[in-house]
2 protein chains.
Amino acid sequence: MSDATQSAHPPALATRVSFLLSQLGSDSAQQFTEHLAPLGIQPVHFGLLVHLARTDGQSQQRLADALGIHRNRMVGLIDDLEHRGLVERRQHPSDRRAHAIYLTAAAHELLPRANRVADDQEAALLNEMDAADRATLISLLQRLADHTGQRPDVHPGLQGQRRT
Amino acid sequence: MSDATQSAHPPALATRVSFLLSQLGSDSAQQFTEHLAPLGIQPVHFGLLVHLARTDGQSQQRLADALGIHRNRMVGLIDDLEHRGLVERRQHPSDRRAHAIYLTAAAHELLPRANRVADDQEAALLNEMDAADRATLISLLQRLADHTGQRPDVHPGLQGQRRT
DNA sequence: TATTGTTATACTCTATAACTATA
DNA sequence: TATAGTTATAGAGTATAACAATA
């Protein structure tokens, strides 16, 4: 960045990738929260359901590790989903301390709808961008994700102390 | 998005621009919070200082409007900065109810350092990307910011209800 | 009657630690 | 002795409403 780093006129926030990511990411998350509300779940639940759709039957501890969430908090999330009839706690085959978490039929019915919500939001976000630009954008963002060590299903905002 | 919207194998979160933005934005904000901590301020204070560097002497209400923050919360933010000796409340020239907020000399000394923190983080984030890709990325993100109606200094996460 | 700054209250979240039952 | 799940407690942060002074 040029020598514009002066007290008199600091560079506008909107010229920084970091700020744009934070601004757009926060807005995106907020919208997703609203769009998902009619289905009775929040983004974190969606992430959990998507993860479970790939790998049913894991313990809460393993789920917590995979999503970067503390196990204490996982209890409440599984509670939420259980109360909505979307997962069930079965007995773990090899460890009697642990539960094995499985999606219910209701979850298999809800997941496509939730995915459609996400698809719609994605489409609305990108609807003024042609296919080439979209591909470029995704590729650049994935490179950043890779470079900053993001793990596939882990949302940093759910890990610990509050950001802004 | 293809017909992969099925319960059996929902598309990975990392294939969605919305998720990548949220993930990268949250990580970015978290890092900025840590990098700024030695200076004794948080990202929201930085945003406020940067805004004040352009337009000193505004009322708290006008600042609140400009940054998309409720005036009740602005009281505490100005308190923070005042206690750190970075701003001062002067009497407003035309409205005896209002204060006029001004940066102090200490703030003019601190701002360049804070900007350097932001510059360093930006550089670390982009250090494996060549100049052309950086320009492309910024341009694409700014188009998204424009399309989603982001206002220059407004961070959606500070507006109201909690996101994820 | 509306607005600015302020304060107090209540509420939501989350972090921490502790407990139990198993390993 | 360590780990999985759970629960309780406390703490941070935020929203809401109300108030005094002034417009």
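Quick note on labels: first sequence line is chain A, next is B, and so on, each numbered from 1.
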In this structure, how many angstroms lie between the [atom2] atom of [N] and the [atom1] atom of [X], rounded?
| X | N | atom1 | atom2 | value |
| --- | --- | --- | --- | --- |
| Asp65(A) | dA4(D) | CG | C1' | 11 Å |
| Ile78(A) | dT6(D) | CD1 | P | 9 Å |
| Arg71(B) | dA15(D) | CZ | P | 14 Å |
| Leu63(A) | dT6(D) | CG | P | 12 Å |
| His45(B) | dG13(D) | NE2 | C1' | 13 Å |
| Gln61(B) | dT22(D) | CD | C1' | 14 Å |
| Arg73(B) | dT14(D) | CZ | P | 4 Å |
| Gln42(B) | dG13(D) | CD | C1' | 11 Å |

Query raised in the report: Taking for each residue the nucleotide of DNA chain D with the nearest heavy atom, is it Ser94(B) or Ala100(A) whose nucleotide lies nearer the 5' end?
Result: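 Result: Ala100(A).
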* How close do Arg16(B) and Pro11(B) get, heavy atom to heavy atom, and via which atoms? ->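 Nearest heavy atoms, Arg16(B) then Pro11(B): NH1-CG, 3.8 Å.
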Minimum side-chain heavy-atom gap Pro156(A)-Gln150(A) below 4.5 Å:
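Counting from C-beta outward, Pro156(A) and Gln150(A) do come under 4.5 Å.
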message = Taking the minimum atom-to-atom distance to the side chain of Arg97(A), which one of dA21(D), dT7(D), dA4(D) wins?
response =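 So the nucleotide nearest the side chain must be dA4(D).
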Applying a 4.0 Å non-hydrogen cut-off, can you work out what [X] is touching in the nucleic acid: base, sugar-phosphate, or nothing?
| X | value |
| --- | --- |
| Arg96(A) | sugar-phosphate |
| Arg89(B) | sugar-phosphate |
| Asn72(B) | base |

Say you draw a straight line from CG of Leu63(B) to CD1 of Ile69(B); how long is it, rounded to the nearest 0.5 Å?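 Separation between the atoms: 9.0 Å.
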**Asked** Going from CG on Leu141(B) to OG1 on Thr15(A), what distance comes out if it is rounded to the nearest 0.5 angstrom?
**Response**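 OG1 of Thr15(A) is found 12.0 Å from CG of Leu141(B).
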Next on the checklist: Both Asp95(A) and His70(A) contact DNA chain C. Taking the nearest nucleotide for each, which residue is further toward the 5' end?
Outcome noted: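 It is His70(A), whose closest nucleotide lies nearer the 5' terminus.
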Is the phosphate of [N], meaning OP1 or OP2, less than 4.0 Å from a side-chain N or O of [X]?
| X | N | value |
| --- | --- | --- |
| Gln159(B) | dT14(D) | no |
| His99(A) | dT6(D) | yes |
| Gln60(A) | dA4(D) | no |

Query - Near-ring test Phe32(A)/Phe46(A), centroid separation under 6.0 angstrom - result: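 That pair passes the under 6.0 Å test.
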